[in-house]
Amino acid sequence: MSLPQGRLDSLQPGTVAILGVPSDENSSFMRGPALAPRRIREVLHAGSSNLCAESGIDLGTEARLQDLGDLSLDTGPLGIEQIKSAASDLVERGVYVLSLGGDHAVTYPIVSAYAEKYPALGILHLDAHADLYDEYEGNRYSNACPFARIMEEKLAVRLVQVGIRTMNPHQQAQAERFGVEVVDMRRWQPGFQPAFEGPIYLSLDMDALDPAFAPGVSHHEPGGLSTREVIQLIQGLSAPIVGADIVEFNPKRDPVGITAMAAAKLLKEIAACMLEGSCRS
Ligand code: MN
Ligand code: MN
């Protein structure tokens with residue numbers, strides 16, 4: 001499916017567009033992230049918090065922020081192509097896409113769309129997992145593989161991974177082959193801040209956070225980042241975020257709704273950074 005032409009034509013360059021990508025068919029372990037976009041919006045607008053980011057920017061009155069709703073997707077390769085096509089329609093117009101996954105498989109088609117407009121794109125990838133498998137259980141488009149596809153197609157000039165705590169020999173070899181800058185949790189220190197100069201694509205897998213802060217994910221991996229540490233990392237970026245995704249939130253594993261609130265909170269902080277060009281201003 002593509003976005004309605006009239007809606008597309010109404011979007012000015014510099015708009016930040018929230019786009020739901022309800023796809024979890026490439027999840028290697030558990031379904032559920034397809035339900036995430038609706039659930040994040042629900043808590044965002046539930047009235048328990050306001051719509052201000054910590055910088056004071058009010059997303060509730062910000063005309064440059066537009067919610068385009070959810071994509072309606074087919075399954076299989078066609079669905080992946082539809083995600084890329086929808087992202088391309090936006091990126092070509094100078095719109096900044098903030099997508100709500102979905103599992104991490106959605107990042108590959110979205111970054112494919114970005115690479116065409118941003119040849120100097122750097123990716124900041126926050127995750128417990130490197131997602132660098134060449135294939136996983138026979139699926140090259142698995143949620144375990146997006147960064148292998150991105151790097152072998154040279155869709156980014158840099159890939160910096162933070163939060164990693166499940167590295168294995170195969171993915172380590174892949175990281176070396178592709179020149180990935182891996183900041184795993186053994187080496188990570190409070191206050192660590194990756195330096196970017198060019199435009200940044202931020203890919204946030206909710207399992208980068210410790211399950212104590214975000215239990216609503218399919219792959220619980222203790223020993224991760226706190227919500228505040230992820231916020232500080234985002235707020236400390238000095239280069240513009242031109243695109244971002246929030247993926248792998250699984251509402252089926254979120255009994256008290258705290259992961260939904262964490263995702264909504266991070267959405268607000270990321271959107272504010274995208275609107276302001278850079279958070280550290
Ligand atoms: Mn991931
Ligand atoms: Mn992960």
Problem set entry | Between H104 and F147, ring centroids under 6.0 Å | yes
Exercise. Is it true that K84 and E116 make a salt bridge, defined as a side-chain N closer than 4.0 Å to a carboxylate O?
Worked result: yes
Problem set entry | Nearest-0.5 Å distance, CD of residue Q171 to OH of residue Y133 | 4.5 Å
Exercise. Hey, are D127 and H129 close enough side-chain-wise for a donor-acceptor pair under 3.5 Å?
Worked result: yes
For this session: Consider only side-chain N and O atoms of N26 and N139, and report whether a donor and an acceptor are under 3.5 Å apart.
Result: yes
Problem set entry | Presence of salt bridge, E248 and R253, under 4.0 angstrom | no
Exercise. Do H220 and D207 get their side chains close enough for a donor-acceptor pair, meaning under 3.5 Å?
Worked result: no
For this session: Determine, step by step, whether D9 and R93 satisfy the salt bridge (charged side-chain N to carboxylate O under 4.0 Å, His left out) criterion, reporting the C-alpha distance in whole Å, the side-chain angles of both residues, the deciding distance to 0.1 Å, and the verdict.
Result: CA-CA 9 Å; D9 289 342; R93 286 172 160 77; 2.9 Å; yes
Problem set entry | Donor-acceptor pair between D245 and S99 side chains, under 3.5 angstrom | no
For this session: Go through the side-chain N and O atoms of Y141 and E135 and say whether any donor and acceptor fall under 3.5 Å apart.
Result: no
Exercise. Looking at CG of L202 and CD of E269, how far apart are the two atoms once the value is rounded to the nearest 0.5 Å?
Worked result: 12.0 Å
Problem set entry | More than 12 heavy atoms of other groups within 6.0 Å of R7 CZ | yes
Exercise. Is the closest basic N to carboxylate O distance between E54 and K265 below 4.0 Å?
Worked result: yes
Exercise. Between N168 and H170, is any side-chain donor less than 3.5 angstrom from a side-chain acceptor?
Worked result: no
For this session: Can you spot which of R149, Q174, R177 makes a side-chain hydrogen bond (donor to acceptor under 3.5 Å, both in side chains) with D134?
Result: R149
